[in-house]
Amino acid sequence: MGEIEHKYLEINGLKLHAAAIGDVSSPPVVFLHGFPEIWYSWRHQMTALAGAGFRAIAPDYRGYGLSDPPPQPENATYADLVADLLALFDSLSLPKAFLIAKDFGARVAYLFALIHPEKVSGIITLGIPYLPLSPVNFLDLLPEGFYISRWQKPGRAEADFGRFDNKTVVRNIYILFSRSEIPIADENQEIMDMVDLSTSLPPWLTEEDLANYGSLYENSGFQTALKVPYRSLFEEFNITNMNVDAPALLIMGEKDYFLKFPGMEDYTKAEQAKMFVPKLETVFVPEGSHFVQEQFPEQVNKLIIDFLSKHS
């Protein structure tokens, strides 16, 4: 099986980092991370999939982790990430692949499947289901201290994050996002201040893991990450067919805070996304948080490998 290898690909004028493991002749699986994650958040899945006979590839998006930032991070878009993914397929000579996406990576995966359906063998998303491209305006339905509302405002999140090193920022977000409640700050409180510095890490995240995240963000910082996804929620796409025909699986932690977003628990549990993704299956992981793939890797790996084997 070998070790995880790291390479830099010339993609749309940038050097983008990708981690990979598995035989190049094996069925390819491309992982798309969320925030504050990067390729490293898939470490448990990559080795398991390679051992099961798949080729696992996990890029860092432009402006994330070890990948180059775009020249103007404030102008980054979802469309850029979709174009980068297509170029990655071309660079690695992938005619078709499975996509496994976490958090906002779900939007990247489904956009790619809508635009390039012939290149997608199947889709697995974790933490976020398929959502129509015209987003529900959560900002109007939640208090001003809602973390996305705060991070949408240019300058405020930068000032909040800037008080701490990268490791502490990632630590605080991991702690907040691993809870079952939506992070909502008080009126005169910043998001970073919602976590006391004495609060312990979740038991499934080690200090070594945190140090790795902190060091990997040294290259990129958080400028691009704040633009995509948080300041790109209302990006428009010239897509008329919203239906995805590929087989799909949603893996959702039962204690994922995203289920507390207005309407999301009913939408997810009633599998309303099947209106758009008719071949969708949904699995809930008891006690699972927003980081279910790091929290319960063996359970999630089995779900993933079973799905891939079924549809390979």
**Note: K302-D306 ion pair, threshold 4.0 Å (strictly below)** = yes
**Prompt:** Could R163 and D193 be called an ion pair, given the rule that one side-chain N must be under 4.0 Å from one carboxylate O?
**Reply:** yes
**Message:** What I want to find out is whether E235 reaches R107 closely enough, with some N-O distance under 4.0 Å, to be called a salt bridge.
**Reply:** no
**Request:** Decide whether L308 and V24 are clustered together by the hydrophobic rule: side chain heavy atoms of Ile, Leu, Val, Met, Phe, Trp, Tyr closer than 4.5 Å, transitively.
**Result:** no
**Item:** Ring-ring centroid check Y40 Y213, cutoff 6.0 Å
**Value:** yes
**NE2-CG distance between H311 and L249, expressed to the nearest 0.5 angstrom** = 8.0 Å
**Request:** Kindly say whether the aromatic ring centers of F89 and F112 come within a distance under 6.0 Å.
**Result:** yes
**Item:** Polar side chain donor-acceptor pair, T77 to D80, under 3.5 angstrom
**Value:** yes
**Asked** Which distance, rounded to the nearest 0.5 Å, do you find between the CD of Q272 and the CG of L131?
**Response** 11.0 Å
**Item:** Pairing of E265 and K260 as salt bridge, 4.0 angstrom limit
**Value:** no
**Message:** Quick check: is L197 connected to M192 through a chain of hydrophobic side chains (ILVMFWY, heavy atoms under 4.5 Å apart)?
**Reply:** no
**Request:** Examine Y230 together with F35 and report whether their ring centres are nearer than 6.0 Å.
**Result:** yes
**Message:** Y267: which residues meet the ring pair (Phe, Tyr, Trp, His ring centres under 6.0 Å) condition with it, sequence neighbours left out?
**Reply:** none
**Message:** Under the rule for ring pair (Phe, Tyr, Trp, His ring centres under 6.0 Å), what residues qualify as partners of H290, not counting sequence neighbours?
**Reply:** Y257
